[in-house]
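Here's the structure, in structure tokens; my notes come after.
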Amino acid sequence: MSTPPVPASVPSAAGRFAPSPSGDLHVGNLRTALLAWLFARSTGRRFLVRLEDLDRVAAGAAERQLADLAALGLDHDGAVLVQSERTAVYDQAIGKLVADGQTYECFCTRREIREAASAPHPSADPAAVAAQLYPGTCRELTPDQIAERRAQGRPSALRLRADVRTWTVIDVLHGEYTGVVDDLVLRRNDGVAAYNLAVVVDDAAQGVDQVVRGDDLLASAPRQAYLAALLGVPAPVYAHVPLALNTAGQRLAKRDGAVTLAELVDQGLTPTDVLGILATSLGLAAVGEPATPDALLEKFDPQQLPREPWIVRPDDLVVRPPGERGSFPP
Ligand code: GLU
């Protein structure tokens with residue numbers, strides 16, 4: 001019998017912000033961080049920060065991200081958890097799934113998966129193709145076929161043998177949300193734990209029962225909650241919040257000019273000004289009104305949050321002259 005991947009007693013309830021240190025946080029990410037903090041603190045939860053550094057890491061980004069959160073006054077509890085230091089914990093969780101017969105080796109390259117997903121096939125599920133789900137190519141390989149691929153020196157990833165097609169989660173903003181579950185990767189073919197596995201293991205180990213993050217991850221929540229069920233840990237309650245977009249409707253990015261805290265400070269704004277801009281975008285402060293996290297906490301009501309993306313106009317990221325203060329944006 002395998003041991004459970006998380007300690008028997010987990011700490012008290014918590015929310016979290018879990019950035020990937022692949023670059024600096026822009027105002028959209030900072031707004032998500034503020035929301036995660038507000039959701040956690042307004043419900044008496046601990047607020048944790050976790051660095052999700054299993055993918056590409058930009059030098060110094062983790063330190064700058066933590067400094068940004070501190071500058072905005074978004075305090076967190078306990079030490080920052082760093083995913084790259086937790087290989088043994090992920091291995092233990094994967095070991096349980098292997099022991100339960102819930103995994104298989106996959107030798108597909110990205111290209112093969114792309115081509116299989118887009119190949120015309122009478123029985124192909126159009127929804128699966130559109131979502132670029134794994135088509136199950138390696139699911140039923142025979143021991144001989146596996147040996148042959150190994151002998152060719154093809155690296156293998158480990159996939160979940162999912163026995164459901166969909167799963168339902170509860171989201172504070174989206175209600176009951178049902179999404180597709182496919183045979184997701186648990187361990188990548190470079191030997192590193194995959195994001196979906198790490199996030200589930202870590203949330204459970206840290207007592208995270210409230211996950212607030214960008215709504216680009218809503219479609220991943222059902223897979224993660226299903227994985228939690230297989231690992232015998234509770235799924236969190238989710239709040240997938242709208243992203244920040246530029247005026248062309250694309251995700252906010254470097255090309256949009258001064259969008260990070262450091263860049264805005266270079267342009268003469270203070271972190272308090274930036275917090276005020278984020279608060280205004282959330283309907284929690286009038287234009288130009290100074291904001292502190294504690295003052296925002298008093299006004300915070302999840303049900304009143306904007307449900308549409310935040311369209312960031314360059315004009316929004318400035319300090320308003322006194323004459324323009326005191327009104328909400330149009
Ligand atoms: N690390 C992910 C990101 O920065 C967030 C994952 C999560 O919050 O579950 O997009």
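All values below were derived from every heavy atom in this structure, side-chain atoms included, with hydrogens, water molecules and symmetry-related copies excluded. Please read these numbers as outputs of a predicted model, since none were measured by experiment. Order of listing sets the numbers, starting from 1, for every ligand and every atom in it.
A ring-centre distance under 6.0 Å is found for F300 and F39.
Under the ring pair (Phe, Tyr, Trp, His ring centres under 6.0 Å) criterion, the residue pairs touching residues 238-273 are Y238-H240, with sequence neighbours excluded.
Remark: side-chain polar atoms of D256 are paired, donor with acceptor, to backbone N or O of A253 under 3.5 angstrom.
In this structure N196 satisfies the side-chain hydrogen bond (donor to acceptor under 3.5 Å, both in side chains) test together with Q224, sequence neighbours excluded. Residues passing the salt bridge (Lys or Arg N to Asp or Glu O under 4.0 Å) test with D53: none are found, sequence neighbours excluded.
Ligand 1 lies under 4.0 Å from heavy atoms of R16, A18, P19, S20, E52, Y195, V199, R213, L217.
Checked by atom type, the side-chain pair T103/R159 shows no donor-acceptor distance below 3.5 Å.
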